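Have a look at the structure below, then the notes.
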There are 2 protein chains.
Amino acid sequence: MSSTSALAPRDRLLRTASRLFYAEGLHTVGVDRLVSEAGVTRATFYRHFPAKEELIVAYLRGRSQEIRAAVAQIPAHRRGREALLGIMQSVAEDVRRADFRGCAFLNAAAEYPDPAHPVRVAVEEHHAWFFQALRDQAAEAGHIDPDHTARLLVLLRDGALQGGALGNPDRVCDTLLRAVNDLLAAAEPTGGGDASAEHDVRRGTLGG
Amino acid sequence: MSSTSALAPRDRLLRTASRLFYAEGLHTVGVDRLVSEAGVTRATFYRHFPAKEELIVAYLRGRSQEIRAAVAQIPAHRRGREALLGIMQSVAEDVRRADFRGCAFLNAAAEYPDPAHPVRVAVEEHHAWFFQALRDQAAEAGHIDPDHTARLLVLLRDGALQGGALGNPDRVCDTLLRAVNDLLAAAEPTGGGDASAEHDVRRGTLGG
DNA sequence: GGTGAGGTAGAACGATCGGTCTTTCTACCG
DNA sequence: CGGTAGAAAGACCGATCGTTCTACCTCACC
């Protein structure tokens, strides 16, 4: 309450929702918890969001916007291969975070089976955007099959995020980054295997 | 109801739980739905399971047993590489199923954040067993780094199952099997025997 | 100096949650 | 034949769910 009391009620609600929804799940966190931890009354809640479901969608859209902003900050001189490396490295960073609990979007999808549900639509929008972002960079890097590269990177991301929430995060990160390294080395038009051009993925940063 | 009325109440409960929990989620399916669709009364429910949570654990253990039985049926002459391929192909088969909705265990973990919770323990038991099964087969296939092979295969499985529940299942299967093919071809000691493989083997490879 | 939007506070709504209870019926086993 | 265990049927419990409501306060703005 003290850390968020300076914000507007709507922002306090959104910030609290982001924290609780991610940490504990969508169905388990009730409106009571939300309003009490945000220091907001129920009336104020329903003034800003017509239903709890709308807050969930807003939470997901907000998280998506954060990620899109981070990717958009990649400087022009780091496009292509460097960008792919940076994106996947930031995924690894997420996995290592102390409060890491998997992918917010995949977790949300697990709780909302209906593909037509607004929550699921928001999840699939983010997923589709992420694939497109990877595909664009793979194409810029001159990959022979940028679609396949992007699909495989998405698959690796999903696996790392959901598997990393169960097992040892450091090991999962290592496995992920090794795979990314090998994938990029092999999928590049230069034929891969060029030892002098090799970088250690683990040192890269995204947006920093 | 008609399809399960011949079974014992406990089995009807378990079968109904398996169907509903997987299709709709753990928290969204209530005891009312469970008992009414299983054609069982509440008293009977609580005679067999002390709490709904126990039914969830039983559902997960049952699914785990099915998978373990399938893996155990792999004939002796198909151990090692053939076994790894077969296991990953059965993962792809699952993704293509009409009622596919992701991995039952990862979906359950998404709903139960507490690592000490019995549901989460059951999930992690299955995940650990699956890794070990892959590791054993990778070792039998003579892989240089069976731990890495197994970890990467687990990561690919998790990504395919959770990503496949969102996007196009056929495309996800294609991406998965291509990656598995390339991984196995490169991680084997006899490998392709080509010059590029010897460098890749040391680092572990995933590419095409 | 109203006026009204947006905030607080909190009671209350019906529905549903997981779980317990009593009662009656049925099937099996000695 | 009688005894007993398991299941059916359904009322019932307190708690919590998401949601709506009334009542009062505050403050910018015309």
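Predicted model only: the values in this text are computed from it and were never measured. In what follows, chains are A, B, ... by sequence order, proteins preceding strands, each numbered from 1.
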Roughly how many Å is it from CG in L13(A) to C1' in dG7(C), rounded to a whole number?
13 Å

Rounded distance in Å - CZ (R47(B)) to C1' (dT4(D))
12 Å

Both P50(A) and T28(A) contact DNA chain D. Which one's nearest nucleotide lies toward the 5' end?
T28(A)

Step by step, would you call F105(A) with E124(A) a side chain to side chain contact (heavy atoms under 4.5 Å, CB included)?
CA-CA 8 Å; F105(A) 301 94; E124(A) 276 158 29; over 6 Å; no

Any R12(B) side-chain nitrogen or oxygen under 4.0 Å from OP1 or OP2 of dA8(D)
yes

Look at the side chain of D32(A) and decide which nucleotide, out of dG18(C), dT8(C), dC17(D), has an atom nearest to it.
dC17(D)

R42(A) side chain: which of dA11(C), dT8(C), dG18(C) is closest?
dA11(C)

Can you tell me the distance, in whole Å, between the CZ atom of F49(B) and the P atom of dA7(D)?
11 Å

Report which part of the nucleic acid H27(B) touches: base, sugar-phosphate, or nothing (heavy-atom distance under 4.0 Å, all strands).
nothing

Closest listed nucleotide, where the reference is the side chain of V40(B) and the choices are dC17(D), dA8(D), dA9(C):
dA8(D)

Whole-Å distance between dG7(C) P and L7(A) CG?
13 Å

Integer-rounded Å distance: dG19(C) C1' and L34(B) CG:
14 Å

Length of the CD-P vector between E111(B) and dC17(C), whole Å
14 Å

When you check the phosphate oxygens OP1 and OP2 of dG6(D), does a side-chain N or O of H48(B) lie under 4.0 Å from one of them?
no

Among dA7(D), dT8(C), dG19(C), which nucleotide sits nearest the side chain of Y46(B)?
dG19(C)

Can you check whether T41(B) has a side-chain N or O nearer than 4.0 Å to OP1 or OP2 of dA7(D)?
no

Tell me whether the guanidinium CZ or amine NZ of R15(A) lies under 6.0 angstrom from the six-membered ring centre of Y59(A) and within 45° of its axis.
no

Taken to the nearest whole Å, CD/E54(A) to C1'/dG18(D) is 14 Å

Side chain to side chain contact (heavy atoms under 4.5 Å, CB included), that's the test. Do Q89(A) and E93(A) meet it? Break it down for me.
CA-CA 6 Å; Q89(A) 213 268 336; E93(A) 276 176 28; 2.9 Å; yes

Is the terminal nitrogen or CZ of R63(A) (NZ for Lys, CZ for Arg) located under 6.0 angstrom from the six-membered ring centre of Y22(A) and within 45° of that ring's axis?
yes

Whole-Å distance separating the NZ atom of K52(A) from the P atom of dT19(D)
8 Å

Nearest-neighbour nucleotide for the A43(B) side chain, dC21(C), dT19(D), dT8(C) considered:
dC21(C)

How about CZ on R68(A), more than 12 heavy atoms from neighbouring residues, nucleotides or ligands closer than 6.0 Å, or not?
yes

